Amino acid sequence: MAPSSRPNFRDRVYVLVRSIPSGRVIGYGHVAGALGVAGAARQVGYAMAALPPDTEVPWHRVIHSAGTLASKGDPVRVLIQRSRLEAEGVAFLGDRVPMGTYGWMPPEP
DNA sequence: TATATGACGGACG
DNA sequence: GCGTCCGCCATAT
């Protein structure tokens, strides 16, 4: 193994996202911070963009720190994301999610 | 190896 | 409350 640098930053993002319980959400920056690399919020989003359409990773539970959704050149993605969150019991406050209520934090070792 | 990019975050007006 | 600017760091080419 090559534990020196980041073996697979994206892979760690997927593992953490898969640990998010249903009906909960988390911000990109929170995911990066949980991986030990605060400030790499953009890389978390980049990892999501690399996810296949048949992925088992609940990428829809990863949103902006402000509670708003996001997508680059694909607004349909946001609609799917919102639909899945509502299906899990997440109540939207307009176009925003009250992270103070649904905000989830990963368990620290 | 270096340059450009990018599902972001926070600060400022 | 909303729009805009700068900075952060891993991936891609």
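This is a predicted model, so every value here is computed, not measured.
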Which glycosidic conformation, syn or anti, is assigned to B:dA7 if syn requires a torsion within 90° of zero? syn

Please give, in whole Å, the distance from B:dA7 C1' to A:Arg10 CZ? 13 Å

So, is A:His64 close to the B:dA7 phosphate, meaning a side-chain N or O under 4.0 Å from OP1 or OP2? no

What is the distance, rounded to the nearest whole Å, between atom CZ of A:Arg84 and atom C1' of B:dA7? 15 Å

Mate of B:dA7 where both pairing distances stay under 3.5 Å, Watson-Crick or G-U: none

Pick the closest DNA chain C nucleotide for A:Ala50 and for A:Gly39 by heavy atoms, then say which residue is nearer the 5' end. A:Gly39

Using the side-chain heavy atoms of A:Arg42, tell me which of these nucleotides is nearest: B:dA7, C:dC8, B:dG10. C:dC8

Check the distance between C:dT11's C1' and A:Lys72's NZ and give it to me in whole angstrom. 14 Å

A:Leu35 CG - C:dC8 C1' separation (whole Å): 15 Å

Under 3.5 Å, is there a donor-acceptor pair between the side chain of A:Arg61 and the main chain of A:Ile20? yes

Between C1' on C:dC8 and OH on A:Tyr28, what's the gap in Å once rounded to a whole number? 17 Å

In whole Å, I'd like the distance from the CG atom of A:Leu93 to the P atom of C:dG1. 11 Å

Measuring to OP1 and OP2 of B:dC8, would you say a side-chain N or O of A:Ser65 lies under 4.0 angstrom away? no

So CZ of A:Arg84 and CD of A:Glu88: to nearest 0.5 Å the spacing works out to 8.5 Å

Quick one: A:His30 NE2 to C:dC8 P, roughly how many Å, whole number? 19 Å

Round to a whole Å and report the spacing from CG of A:Leu51 to C1' of B:dA7. 10 Å

Of the options B:dG10, B:dA7, C:dT11, whose atoms approach the side-chain atoms of A:Ala70 most closely? B:dA7

So what does A:Arg77 hit on the nucleic acid, given a heavy-atom distance under 4.0 Å: a base, only sugar-phosphate, or nothing? base

Taking for A:Ala41 and for A:Tyr46 the nucleotide of DNA chain B with the nearest heavy atom, the one nearer the 5' end belongs to A:Tyr46

Does any N or O in the side chain of A:Tyr14 come within less than 3.5 Å of the main-chain N or O of A:Trp59, such that one atom is a donor and the other an acceptor? no

A:Ser83 side chain vs A:Leu79 backbone, donor-acceptor pair below 3.5 Å: yes

About how many Å separate CG of A:Leu51 and CZ of A:Arg10, when rounded to the nearest 0.5 Å? 8.0 Å

